[in-house]
Amino acid sequence: MASASAERGVGRAPLDRLTRWLVGLAFGLAAGLMLAGAAAAHPMPESRVWVDTRPQGLQLTLQIPLNRLELAFGQPLAAQADRVLERHSDALAAYLLQHVGARSAAAGWTALRPTLQVTGEGAAAELEATMALRAPPGADPRRLTLMIDAVVHEVVTHRLQVFLRSDWAGGQVGAPPRPLGELRAGRYALPLDLGAAATANGRALQALLATGMAHIAGGVDHLVFVALLLAVAPLWPAIGHWIGERPPREALRHIAWVVSAFTLGHSLALALGVSGLVMLPAQAVDVAVALTIAVAAAHAVWPLFGAVEGRMALAFGLIHGQAFAGGLATAGLSPAQTVQALLAFNLGIELAQLAVVLLVLPPLLALVRRHPEPARRARVTLAAAAAGLALGWIVDRLGWLPAPAPLAWLDAHPAALALPPAALWLAWGLSWLQGLRQPQPA
Amino acid sequence: MPRLTGLLLALVLSLLTALNGCGGGSGDGTASTSSTSTTSTATTGTAPAISTQPVAQSALVGASVSFSVVASGSATLSYQWRKNGSSIAGATAATYTIARVTSGDAGSYDVVVSNSAGSITSSAAALSVSTASGAPTITTQPVAQSVVAGANVSFSVVASSGSTMSYQWRKDGTAVSGATASSYSLSAVTASDAGRYDVVVTNSSGSTTSSAATLTVTTASSSGSFSSNVTSAAQSFLATLSSAQQSSAQLAWSLTTARHWSNLPAAMVSRNGVAWSSLSSTQQAAARSMITTALGSTGNAMHLGWQMADNYLYANGGGSSYGEGQYYVAMLGTPSTSSFWLLQLTGHHLTINLALNGTYKAPTPVFMGIEPKGSFTYNGTTYDPMGTVRNAWSSLGAVLVTYSGAKLSGTYSDLLFGANGSGNIDGSCPRSYSSVTTHGLLYSSLSAADQALARAVIQAYIDSQASEVASELTTAYLSDTALASTYVAYAGSGTVSTKGNYFRIEGPRLWAEVSVQQGVIFNSDIHYHGVWRDKVGDYGGQCVG
């Protein structure tokens, strides 16, 4: 029997390569899908106004198609979208300042000069203007009439759709935007009543924490992955198979290390995803997540990663974190709010994940010690089931075939995932009762 | 665990870097940004502040009125006065003067004062206008209506004056007993109720008579063999389908389901029914036969031509989001010779909602857009499915430019009542035709030769339908009473070849619009969006307020 240190010496080089290869594969796949998704965009003819609340008023982000704006602005814009800012940024800022404003009762609001960007190409090119609106002293910044006639003072057929994107003080954060109304020719004013503001950050952070917990609780794939990590936590890796159990303290230390690495990986990817530095298409991320489950299932039967399990968890955490980032919308939040949102959302994920660990680990450790052979068979069964699920997800998420029926059922009934841990506790209970009658030899 | 601590520190650092990199959290929006250029604005000075707000005024018609604002702030101040929230062209000084006030000038005025740092909105100041004589002023005239016998109808007027007003409605110049409120309702109308209605509004100083609004009463659709022919063709088509296909093709009737069509490709906004691509050649033949029965041979040729236009887009760079396979056939309600159901034929640029056994025989709303813009050849055959309609508009447009009253102000870059509801499907029902306050020119103001051109446009739409439907529509749209309250209008330069041009014909029932737009697949060329609605007959008359 080889010692653990000898195994590390043998195992490290080829397994490192494997990790790199798998991660490379996942990201390559993601990039390919991203290119495919960029084709064929049909321009959306309306303008959108995203409202984010601020303590002193509102921040508005207007997205206006250049081929509509030019009709009202009076200068051609769409034909040379890439030169619009260089030529017209002062005039466009002045135009927006004259056509975007607000009033509370009799008191008019102040609008600050917008920052401008041009996004998209061809007929989909848009001007994106971000501007702050400040309520006058004494006026309620959450009860106002938005007054916008940009574009629609001239273009009779145009519409501006107004959405509340984030409202930190009202607890609307990290959720899909809420439609507030529409402005068009003849309807240039939109009364808004955002209700009373919360006095502290509590409402928003609570909502984010719950969103984070719900995100992992409803994410069957993430739970399956965590379960697979746990299944081998009490074991020592050898080449080609798992041997003997780790002592409880060692097992706890090991699982803490692996789960921390997974957490680090997904926290990092979540931060990168939310900040917009790394944006991968959701489909590619979902396929990569399913791939990690297939690999982790194989690993639960034959130790692929041996001593570099931590690194595997880190790499796969990076992929899962990209998927988490899809569940948190932070557009429109201030930098400080974004940091808080990220922490609260991540904390929600961690709490849910910790609950899974606490739920599964105690009976698992006990059962592996007492009944190694049934535990081995249970582990292989779990791995086979997880591999089946993973393959189903891959096929479904690539759009090759519709989701197999068991998968669709599981997605609709995630509560069924409580059955394996329940079975573990039941088995532990039975084994404990049995132990009472005939004590195990030491 | 020193290793873990180090990693956590790295996490926090990378997080902070990430946040610095995102431009101070300035809301990147949800749009995917394929090419982005940013301007960083060095804001200098402070936004303006208003020290003296504009004040409310009241004036007599013909008098001069001024609104003023006093504001301070760094750099040059710009002013933009607005009436009822809409910018007034040329009103860009600290004082806005109306030299000769008319009753139409009444409203709420404000000003936006701006400089390079920002802007401020003033408080609103009302302008009330009264006539010199003090007689009432009519602000909203009664509008022409067309209904089937047995329906209810209501006329209303909005008038203003400084004192209490009384109303007297008249039919063909004769006072209607008891009709003395600002609105007048008739229930269960009969043919004898048809006529011209107006109202005399009186106060202590005098009286004003409204314009006359025509009430047209049509008889309820007589049923020939059309309904049973379409029903049996629909049943034959359904019989060729598998049970899974049948459950996609045949849906329960609801207005909400019916409104689920769009002018965007089906790949972007889903459609009701079975996709043409999912039908076998036998099933397609049965569908084709049903469509020929439902639309007549002209309408069927148009439907086929629209599918071919989408094939042409597929082959010329549009890709698989386009093509005949992405056209759909749906039945809302069970095909029957007696109870109401709707045959919905829909795809990217063509949607037809043919109602059977409804209050009205109408195929509306009909969306008729097209790209490529004109004649094209696909698989050796040349098509121009919108040719008849387009040419009719083209001839009318050429003469409309000689009538100043036909030109609409503002820019029309798309349709007013296209599929522009939330989610890019057909919007609320019925469309708010009363929100349209500029109608263009009355048909009766056109010369006899030009009236014929206007009728030709209406005829081109009617001709796209089977004879029994066409016959009802001919009465509804082309009768003398209907034409007497029909308007023609255009915006832009009057040709069908220039982007941004727009045309409209509107009658008591008819609403037809065409907009000339930038191409999407052929994006250096133009393409058309058009909609044909029936103010009361849309969705078989199930879409009324």
Side-chain angles (χ1 to χ4, degrees), chain A residues 40 42 45 50 52 59 61 63 67-68 71 82 85 89 94 97-99 101-103 106-113 115-123 126 128 130 147 149 153-159 185-186 188-189 260 264 267-268 271-272 275-277 331-335 338-339, chain B residues 4 7-8 11 14-15 18-19 21-22 24-31 33-41 43 47 50 78 80 82 84-87 110 112 114 116-124 264-265 268 319 321 408 410-416 420 422 435 500 515 518 520 523:
Chain A
H42 205 108
W50 305 102
D52 301 304
Q59 177 186 268
T61 303
Q63 294 170 329
N67 60 10
R68 297 296 189 265
L71 301 172
D82 52 338
L85 294 180
S89 56
L97 284 172
Q98 285 188 341
H99 293 279
R103 192 155 50 214
W109 286 39
T110 298
L112 299 184
R113 182 185 168 112
T115 54
L116 305 176
Q117 292 186 50
V118 171
T119 65
E121 285 171 344
E126 293 187 330
E128 182 174 301
T130 306
M147 307 186 71
D149 75 340
H153 64 88
E154 170 64 25
V155 185
V156 183
T157 50
H158 194 67
R159 293 169 297 142
Y188 305 107
S260 300
L264 175 66
S267 302
L268 198 61
L272 290 174
S275 67
L277 285 187
L333 298 184
S334 71
T338 304
V339 173
Chain B
L4 196 60
L7 284 169
L8 282 173
L11 168 68
S14 61
L15 212 157
L19 289 164
C22 80
S26 67
D28 280 342
T30 51
T33 315
S34 51
S35 81
T36 299
S37 39
T38 311
T39 164
S40 57
T41 314
T43 308
I50 293 177
S78 308
Q80 176 64 59
R82 302 185 298 194
N84 296 331
S86 180
S87 304
D110 65 2
V112 177
S114 56
S116 62
S119 66
I120 186 161
T121 302
S122 77
S123 50
L264 292 172
M268 295 177 62
S321 295
L408 299 167
T411 301
Y412 288 70
S413 62
D414 204 334
L415 305 171
L416 271 185
N420 46 9
S422 167
S435 70
S515 151
Q518 179 99 41
V520 173
N523 57 19

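Using a 4.5 Å cut-off between heavy atoms, A/Ala102 contacts chain B through its backbone alone, with no side-chain atom that close. Both the backbone and the side chain of B/Ser87 come within less than 4.5 Å of a heavy atom in chain A. At a 4.5 Å heavy-atom cutoff, the contact between A/Ala106 and chain B is made by backbone and side-chain atoms alike. In this structure, the portion of B/Leu415 lying under 4.5 Å from any heavy atom of chain A is its backbone and not its side chain. Heavy atoms closer than 4.5 Å to chain A are found in both the backbone and the side chain of B/Asp414.
The shortest side-chain heavy-atom distance between A/Leu97 and B/Val112 does not fall under the 4.5 Å cut-off. Residues B/Asp110 and A/Met147 meet the side-chain proximity criterion, which asks for heavy atoms closer than 4.5 Å. Within the 4.5 Å cutoff, side-chain heavy atoms of B/Ser116 are placed close to those of A/Arg113.
By number of non-hydrogen pairs under 4.5 angstrom with chain A, the leading residue of B/Ser413, B/Ala47, B/Ser435, B/Gly319 is B/Ser413. Each of B/Ser119, B/Gly85, B/Ser78, B/Ser123 has some count of heavy-atom pairs under 4.5 Å with chain A, and the biggest count is that of B/Ser119.
At distances below 3.5 Å, at least one donor-acceptor pair connects side-chain atoms of A/Arg159 with backbone N or O atoms of B/Asn420. Checked by atom type and distance alone, the side chain of A/Glu154 pairs as donor or acceptor with a backbone atom of B/Thr411 at under 3.5 Å.
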- Could you go through the side-chain contact (heavy atoms from CB on, under 4.5 Å) check for A/Gln59 and A/Thr61 one step at a time? CA-CA 7 Å; A/Gln59 177 186 268; A/Thr61 303; 4.2 Å; yes
